[in-house]
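Please read the structure below before turning to the comments.
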Amino acid sequence: KHKPQHTTHRGRGVTSSLRGFEEPLGPGVPSCDHEIAEVITSGMEVVAGDDQESLLKNSVNVERSTKEYRVYRRRWYILAVLCVLNISNATIWLTFAPIADQTAEFYDISLTTVNWLSLVYMIASIPLGLVATWLLDTLGLRAGIILAACLNLIGPGLRVASAIPSEMPDSVRFPLVLTGQILAAIAQPFIIESPAKVAAVWFAQNERATANMIGSMSNPLGLLLANVLSPALITTDKHTAQDFILMLSVYCALPLLGLLMSLFGVCSSEPPTPPTASAAAESESFFQGLKKLARNRQYWILCVVFGAGLGLFSTLTTILEQVLCPRGYDDSISGLCAALMIVCGVIGAGVAGVFVDKTKMFQEVVKVSYALAGIGFVVLAVLTRYRNLDAVMVVSAGVFGFFGFALYPISLELAVEVSYPVAEATSAGLLVVSGQIQGIVLVFLSQALALPLSGADTPYAKCGTNGDIVPQDNTVTMLVFAGISCIAGVVQIIFFHPEYKRLKAERDEAETTKAPTINGVTI
């Protein structure tokens with residue numbers, strides 16, 4: 001007797017037979033139930049005969065048919081939904097950082113208070129990152145995506161309300177915009193932890209790194225969009241209430257699109273048939289996964305070092321305008337540096353993703369990228385001490401971004417590899433939480449290390465519009481950050497020696513299901 005094997009889908013973390021899926025595979029294509037029934041019936045007919053070779057051959061066919069894998073075209077739509085949500089959430093995060101001085105004047109707050117509009121993203125992601133990880137592994141991708149899409153639209157809506165001229169006192173306007181930021185920040189962990197899970201559950205083995213790269217790199221594209229849009233819509237001569245209302249309303253468009261795409265297009269958390277053996281395998285429960293991660297030394301090295309890199313990037317994008325304006329660089333230069341850093345970073349991540357998909361050289365790509373990104377950050381930190389280096393500053397930001405961003409999607413994939421069979425949302429999510437924790441520490445550290453601007457530099461400062469904003473010297477901050485990036489790179493290169501557990505499990509499974517031979521002839 002030949003019984004169909006049960007497949008455990010990592011999309012929900014629960015065991016279910018292929019018979020449990022009711023979704024049709026397409027016009028003219030039989031359901032999973034019908035396919036399995038036909039194979040079993042064929043095998044039983046052979047059992048009734050006396051030809052043992054035919055019996056063995058059909059037995060192998062039954063085994064192999066129950067372990068078939070396939071991919072679905074709608075995986076690209078789900079990835080597109082994540083891209084829209086990721087881009088929109090990132091634009092909300094960094095809306096005010098490129099125009100920190102105008103925001104401080106409009107809401108009548110200090111530059112330090114403006115930083116809280118970005119800092120709440122990092123703070124919220126620490127406890128909520130664990131909650132998002134548990135929900136994604138327990139309730140599935142669809143529930144997490146729709147919840148995130150709703151919060152991602154409500155938050156920017158409140159920000160628009162905070163800028164509308166009314167009887168609302170100034171003491172209420174900033175808490176309202178901060179509340180909008182917090183709601184969008186709550187959505188962020190669900191969004192940025194999803195690409196690794198979508199890649200594992202929906203995509204084939206030779207597509208996972210690329211899919212993770214596309215989903216993950218949409219976040220910096222959103223940061224790029226914010227660095228371009230905010231300085232264009234809010235300038236030194238144009239920062240009235242109507243200007244802020246227009247800008248904040250523009251940032252509501254993509255969240256609305258993301259919500260509509262999520263509600264009407266994401267219909268399931270996982271495909272009817274898994275794309276790979278690892279997607280079909282049973283994943284650890286959330287708490288069991290945490291226990292396994294706690295004992296995984298290589299994972300924690302990756303977690304701490306990746307967190308340092310992510311924290312440095314998050315902090316740099318938050319304070320870049322404040323670093324450059326005291327040296328005489330206006331908002332357009334700081335916005336261009338951030339934009340080129342992201343554009344080159346997306347290109348670097350794309351190259352790295354495709355290369356790793358073809359070669360599986362995760363470790364080599366990560367170590368080279370860490371080394372060159374550290375060198376790039378050192379150069380950028382030194383250049384920020386000088387004036388009138390617009391072109392060199394922009395180029396150095398692009399070089400740093402090219403190698404620094406290549407680390408992000410590859411590190412998330414590597415986290416899944418070294419921690420398998422821990423659920424993808426858990427292993428990738430804790431890396432993001434590590435980055436946000438370190439980002440918070442670095443933001444406060446940057447404020448503590450900032451010094452009063454020297455008398456020689458004060459006449460060149462281009463911060464604020466009416467003299468109420470006091471610029472500060474961030475030279476020590478940038479040099480300390482450069483040192484942190486170098487230490488992280490050295491630790492990664494010397495101590496990180498991963499084992500690709502997921503790839504090994506898939507190779508082992510492929511060997512066990514390989515068709516047997518008799519006298520060198522495949523049967």
Side-chain angles (χ1 to χ4, degrees), residues 81-100 102-103 106-107 113-125 128-129 132 144-164 173-194 215-234 243-262 310 313-315 317-318 320-321 335 338-339 342 432 435-436 439 443:
V81 172
L82 280 183
C83 288
V84 171
L85 291 176
N86 229 332
I87 291 173
S88 61
N89 190 263
T91 60
I92 299 168
W93 175 13
L94 214 65
T95 298
F96 303 104
I99 52 169
Q102 292 92 339
T103 301
F106 180 74
Y107 286 103
T113 307
V114 172
N115 288 341
W116 277 97
L117 294 173
S118 298
L119 197 59
V120 292
Y121 261 72
M122 305 179 196
I123 295 174
S125 68
L128 293 172
I145 289 174
I146 291 177
L147 174 60
C150 292
L151 293 171
N152 202 47
L153 181 59
I154 297 172
L158 291 180
R159 301 194 315 169
V160 174
S162 73
I164 297 175
R173 291 170 60 237
F174 180 73
L176 187 58
V177 72
L178 183 62
T179 302
Q181 288 289 107
I182 292 173
L183 290 178
I186 294 173
Q188 189 197 42
F190 293 93
I191 297 172
I192 62 179
E193 292 176 15
S194 294
S216 300
M217 285 299 99
S218 56
N219 183 275
L221 285 178
L223 302 181
L224 166 64
L225 188 60
N227 274 292
V228 173
L229 274 180
S230 291
L233 296 173
I234 301 295
D243 297 322
F244 268 86
I245 291 173
L246 173 62
M247 178 191 72
L248 296 175
S249 298
V250 167
Y251 282 123
C252 289
L254 276 179
L256 177 60
L257 175 62
L259 178 60
L260 295 176
M261 291 178 69
S262 302
L310 182 58
F313 169 75
S314 301
T315 306
T317 54
T318 300
L320 184 59
E321 190 255 3
I342 293 169
V432 176
Q436 303 294 37
V443 168

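Note that the coordinates shown come from a computational prediction; the quantities given were computed from them, not determined experimentally.
- Residues passing the side chain to side chain donor-acceptor pair (under 3.5 Å) test with Ser194: none are found, sequence neighbours excluded.
- The shortest distance between side-chain heavy atoms of Asn86 and Ile192 falls below 4.5 Å.
- Residues meeting the side chain to side chain donor-acceptor pair (under 3.5 Å) test with Ser162, sequence neighbours left out: Tyr107.
- Atom CG in Leu153 sits 11.0 Å away from atom CG in Leu257 (nearest 0.5 Å).
- Between Thr95 and Thr91, the shortest heavy-atom contact is OG1-O, 2.5 Å.
- Residues Phe190 and Ile146 fail the side-chain proximity criterion, which asks for heavy atoms closer than 4.5 Å.
- Across all their heavy atoms, Val177 and Phe96 have their closest contact at CG2-CZ, 3.8 Å.
- In this structure, the separation between SG on Cys252 and CD1 on Ile92 is 7.5 Å, given to the nearest 0.5 Å.
- Rounding to the nearest 0.5 Å places CD of Gln181 at 10.5 Å from CG of Leu158.
- Scanning all heavy atoms of the two residues, the minimum distance from Ala187 to Ala148 falls at CB-O, 3.4 Å.
- Residues meeting the side chain to side chain donor-acceptor pair (under 3.5 Å) test with Asn152, sequence neighbours left out: Ser88, Asn89.
- By the ring pair (Phe, Tyr, Trp, His ring centres under 6.0 Å) test, Phe106 is found to be paired with Phe244, residues two or more places apart in sequence or in another chain being considered.
- For the pairing with Ser230, the side-chain contact (heavy atoms from CB on, under 4.5 Å) check across Ile99, Val250, Thr103 returns one residue only, Ile99.
- Between Tyr121 and Leu94 the shortest side-chain heavy-atom distance does not fall below 4.5 Å.
- The CD1 atom of Ile191 lies 12.0 Å from the CD1 atom of Ile186; values are rounded to the nearest 0.5 Å.
- Partners of Thr315 according to the side chain to side chain donor-acceptor pair (under 3.5 Å) rule, which considers only residues two or more places apart in sequence or in another chain, do not exist here.
- The side-chain contact (heavy atoms from CB on, under 4.5 Å) search around Leu119 returns Trp116, Met122, Ile123, Ile440, Val443, Phe444, not counting sequence neighbours.
- In terms of heavy atoms, Val120 sits closest to Ala185 at O-CB, 3.8 Å.
- Atom CD1 of Ile234 and atom CG of Leu248 lie 7.5 Å apart (nearest 0.5 Å).
- Ser262 contributes atom OG, which lies 10.5 Å from atom CG of Leu147 (distance to the nearest 0.5 angstrom).
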Step by step, would you call Gln102 with Asp243 a side chain to side chain contact (heavy atoms under 4.5 Å, CB included)? CA-CA 11 Å; Gln102 292 92 339; Asp243 297 322; over 6 Å; no
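- Looking only at side-chain heavy atoms (C-beta outward), Asn219 and Ile87 stay at 4.5 Å or farther from each other.
- Residues Ala339 and Val228 come closest through the heavy atom pair CB-CG2, 4.3 Å.
- Annotation for Leu221 and Ile342: closest pair N-CG2, 3.9 Å, computed over non-hydrogen atoms.
- Using a 4.5 Å heavy-atom threshold, the side chains of Gln188 and Val432 count as separate.
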